[in-house]
Amino acid sequence: MPQKSFYVTTPIYYVNDAPHIGHAYTSVAGDVITRWHRQHGESVIYLTGTDEHGTKVASKAEANDMAPQDWVDKLVAEHWKPVLETLNVANDDFIRTTQKRHRRGVQKFWEVLKEQGFVYQADYNGPYCVACEEFKLPGDLLEGEGDELICKVHGKPVQLLNEKNWFFKLQGFQEQLIEHYERHPTAIAPASAYNEVLSFIRSGLSDVSMSRESVDWGVRLPWDPEQVVYVWFDALLNYITAIGYGDSQAEDAFADIWPADIHLVGKDILRFHAVFWPAMLMAAGLPLPKQVFAHGWLLVGGEKMSKTKLTGIAPNQISDHFGVDAFRYYFMAAINFGADGSFSWEDMHDRYHADLANGLGNLASRSLAMVTKYFDGRVPQPGSYTNADLALQDELVEAVANADAAMLRLDFSTGIARVRGYVESVNGYITEQEPWKLAKDESKQTRLATVLYCVMESLRAIAVLYAAVMPEACERLWADIGASGKLSDQTIEQVDRWGQLEPGASVSKGPALFPRIDKVT
RNA sequence: GGCUGGGUAGCUCAGUUGGUGAGAGCGCCGGACUCAUAACCCGGAGGUCGUGGGUUCGACUCCCACCCCAGUCACCA
C-alpha cells in the first residue's frame, strides 16, 4: 500500500479575463508548497485549472462572435496555460471544467446526491433584469421608489421572477460542520479565517439552489436536462474529478490522492470552500480536505487590484523586468501569507537589490571569484575547522530547522527570512575571515582552503533551501559550485549534513545570478 | 448598521499566554574593508506602539468608549 500522495490545489480560475498577479500569486504559492514537500521525499500532486462555465463566459464569447467552447479554448491556450510556464509552476495536472472527465464526474456526483435525497425541487425567486437577461444579486441593485429595485447596469426596474430549481440541502449539515471544525481547528487557516467561517455557520445555514434553468453554458443535470449545474457547484468538484472521481477505472488512484491536504483559496472565495464544499462531500460520503488556507489580496496603492483603476498587473510585466525567480521570491518573501500585502514597483526594486543582487547574488559572485582566483577553479580541500567554522555550521542547522517549520505551516515569509539570515551570516563570515588576506600569505594556504570550503558548502545548502522558491537561479548556483547529483534529489533532511561538496570539483563563475537593474520611472 | 481584520520608527511590516530601557528589513548618517554585482561588514540617529479612560505593582500586549482604513453581510470567479 503506497503512502498517500500529498495533494495541493489552487482554485480553478475563472477564464473571463486574462490572468493577473493575484492569480499568479496563488499559483506560485502552491508551487512552492509542492516543491518543498517533494524535497522531503514525498509524492505530491499539484492541481490547478480553469473554470469555464457560466453566463458571463457565454456572453463574452458571443460578444466576440465565437462559440463558447472555442472561446475558452483560445483563452486557456493563449493566457492561462502560458502563465504557468512563465512562472515555472510545476503543476501535475490542469483541469478544465469543460473536459469530459469533469462533466462526467459532476453528473455522477449530483446523481448520487439526488439518490441519497440531498437534492429536491423548489421555486427560486429572485430579481431579474430583462435587459440583462440575468437574475440579479442584491449587490447589483439600487433602491428605487418604494419597494422598487433598480438594475445598476440598465437603470431600469427589475422584475421578481421565479423559476423551478433544484436545491441542495445545506441546512442539514450545519451541526456536522460545526462539529467537524471544532474537532479540527486547523482545517481552516489562518485563524482569522477559521473564526469567520465558524461564526457564519453558527449564524445559520439555509438550503441553496444548485441548478439554473436560465443558463445554457454548463453541465446538464442528468435527470433534468433543462437545467445546468450552478457554476459553483460545478467548479468545486474539479478537486475530485481531476483525480478520477466518477471514473470506474480510476478508483484506486482516487483513493490514493483524496482527500486534499491543502486547498489554497483567496479569502473572497473562502465560504464556498469551507462551507458548501465540505457539506457536499459529507453528503457524498467522502472525506473532507485537511485544510483550506485563505490567503490575502495583493494591494496596489493600498487598494485591491482593479482593472478599471489600471492597477491590474500582468505577471510577465514583472517577470520580464526582474526575472521569474525574483517574481516568485518577492511575493513569497515580502508578504505574510494569509494577510493582504502591498505591491509597488519601488518595493520590488528595493528588495530585489537588497536581498538578491547585493545579498545572495553578490555572495555567490565573490565566493566563486575567490575559488577561481586562489584555487584555480577547484573546490578546495578543507583542513581542520575553527570555532568560527563550526559556528557557521551550527547556524546552518538552526536555519534549516526554523525554515522548514515555517515553510510547512505555509509561513513563507518567515521561512525565507531564515534562509536570508543565513546568507547574511555567510557574508559576515567571509568579511571576518578575510580570505583575501590569507591568500597573500603563503603559510596560510590551508586556512584559506578551509574558509572557502566552508563558504562553498554554505552555498550548496542555500541552493537547496531556496530551490523551491527560485528554481532557476538555484539550478545555476548548484552547477556553478560544482555540486554533483541533481539538485532536485537533495532533501531538506540532508541539507545541513556538512561536507557534501567534493574537493577538487570544478566551479564556474558565470554572469551575475541577479544582475543589478536600473530603476525605471 | 451588524460582523471580521487592521491602525507600532520616513516606507513595508514582526511583536506567543501583560514584566529586564519597544524590534526587523529598506531608506538615511558615520566608520571599516577591497574578494565581490560602487557590492559586503560594523556603528548610529529615528517611534508619547490611532484617541480618551479603566484594571494592575507594571500594558503595545487585558477591559470600555470613540476615530480612521479595508473586507464582509449566502448563491459575489
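A, B, ... follow the sequence lines: proteins, then strands. Residue 1 opens every chain. Basis for what follows: all heavy atoms, side chains included, without hydrogens, waters or symmetry-related copies.
- Remark: the separation of the C1' atoms in B/C11 and B/C28 is 12 Å, to the nearest Å.
- Look at the C1' atom in both B/G47 and B/C60: the space between them is 12 Å, to the nearest Å.
- Across B/A36, B/C75, B/A74, the shortest atom-to-atom separation from the side chain of A/S209 is found for B/C75.
- Between A/A512 and A/I269, the one whose closest nucleotide on RNA chain B sits nearer the 5' end is A/A512.
- At the heavy-atom level, A/K373 lies under 4.0 Å from the strands shown only through sugar-phosphate atoms.
- With a cut-off of 3.5 Å on both Watson-Crick or G-U wobble distances, the partner of B/G1 is given as B/C73.
- For the C1' atoms, the distance linking B/U56 with B/U61 amounts to 13 Å, nearest Å.
- Atom C1' of nucleotide B/A74 and atom CE of A/M280 are separated by 15 Å, given to the nearest angstrom.
- Rounded to a whole Å, the CG atom of A/L205 is 14 Å from the C1' atom of B/C73.
- The partner of B/C11 is B/G25, by the rule that a Watson-Crick or G-U pair needs both atom distances under 3.5 Å.
- Of the options A/T241, A/N238, A/T97, a side chain to side chain donor-acceptor pair (under 3.5 Å) to A/H102 is made by A/T241 and by none of the others.
- No contact: A/S413 has no heavy atom under 4.0 Å from any strand.
- For A/W297, counting side-chain heavy atoms from C-beta on, the closest listed nucleotide (B/U37, B/U72, B/C35) is B/U72.
- Side-chain nitrogen and oxygen atoms of A/R366 include none within less than 4.0 Å of the OP1 or OP2 phosphate oxygen of B/A39.
- A donor and an acceptor atom sit less than 3.5 Å apart, one in the side chain of A/R212 and one in the base of B/C75.
- At a threshold of 4.0 Å, the pair A/R409-A/D411 counts as salt-bridged, since one of the basic side-chain nitrogens sits closer than that to a carboxylate oxygen.
- At a threshold of 4.0 angstrom between heavy atoms, the contacts of A/L368 with the nucleic acid are absent.
- In this structure, of B/C35, B/C75, B/U37, it is B/C35 that holds the atom nearest to the side chain of A/W436.
- With C1' as the reference atom, B/C75 and B/G5 are 24 Å apart, rounded to whole Å.
- If you take atom P in B/C41 and the same atom in B/U55, they sit 49 Å apart, rounded to whole Å.
- The distance from atom OH of A/Y329 to atom OH of A/Y466, rounded to the nearest 0.5 Å, is 4.0 Å.
- Ring centers of A/F293 and A/F337: under 6.0 Å apart, within the cut-off.
- If you take CE of A/M370 and P of B/C40, they are 14 Å apart, rounded to a whole angstrom.
- Remark: the separation of the P atoms in B/U8 and B/A14 is 11 Å, to the nearest Å.
- For B/A14, the OP1/OP2 oxygens have a side-chain nitrogen or oxygen of A/N336 closer than 4.0 Å.
- Mapping A/F233 and A/E424 onto RNA chain B via the closest heavy atom, the residue that lands nearer the 5' end is A/E424.
- Looking at heavy-atom distances under 4.0 Å, A/G204 makes contact with a base.
- In this structure, A/G428 reaches the sugar-phosphate backbone alone: every heavy-atom distance under 4.0 Å involves primed, P, OP1 or OP2 atoms, never a base.
- For A/S27 (side chain) and A/H23 (main-chain N/O), a donor-acceptor pair under 3.5 Å exists by modelled atom type.
- Computed from coordinates, the A/L363 CG to B/C41 P distance equals 10 Å when rounded to whole Å.
- Rounded to whole Å, the C1' atom of B/U12 lies 34 Å from the corresponding atom of B/G54.
- Closest contact between the side chain of A/F200 and the listed nucleotides B/U72, B/U37, B/A74 involves B/A74.
- Residue-level contact check: A/A357 touches the bases, meaning some heavy atom is under 4.0 Å from a base atom.
- Rounded to a whole Å, the CH2 atom of A/W277 is 19 Å from the C1' atom of B/A74.
- Side-chain contact between A/F331 and A/I21: present, with at least one pair of heavy atoms (C-beta onward) separated by less than 4.5 Å.
- Rounded to whole Å, the P atom of B/C33 lies 48 Å from the corresponding atom of B/G6.
- The side-chain heavy atoms of A/V89 and A/T48, taken from C-beta on, include no pair separated by under 4.5 Å.
- Computed from coordinates, the A/N427 CG to B/U34 C1' distance equals 14 Å when rounded to whole Å.
- Between A/R212 and A/D234, none of the side-chain N atoms (NZ, or NE/NH1/NH2) sits under 4.0 Å from a carboxylate O, so this pair counts as no salt bridge.
- Regarding A/N195, its CG atom lies at a distance of 11 Å from the C1' atom of B/G5, rounded to whole Å.
- When each of B/C41, B/U37, B/G5 is scored by its nearest atom to the side-chain atoms of A/S365, the top-ranked nucleotide is B/U37.
- Within 4.0 Å of A/Y374, counting heavy atoms only, lie sugar-phosphate atoms of the nucleic acid but no base atom.
- The partner of B/C62, taking Watson-Crick or G-U wobble pairs whose two distances both stay under 3.5 Å, is B/G54.
- Note on A/S342: a side-chain N or O is less than 4.0 Å away from OP1 or OP2 of B/C13.
- Remark: B/A36 base-pairs with no nucleotide; criterion is Watson-Crick or G-U wobble with both hydrogen-bond distances under 3.5 Å.
- Closest to the A/A354 side chain, of the nucleotides B/C26, B/G5, B/C35, is B/C26.
- Without hydrogens or angle criteria, A/W217 side chain to A/E52 main chain gives a donor-acceptor distance under 3.5 Å.
- For A/N362, whose side chain is taken as the heavy atoms from C-beta onward, the closest listed nucleotide among B/C26, B/C41, B/A36 is B/A36.
- Looking at the side chain of A/R271, the nearest of the listed nucleotides B/U4, B/C35, B/C73 is B/C73.
- For A/L298 and B/A70, the CG to P distance is 18 Å, given to the nearest whole Å.
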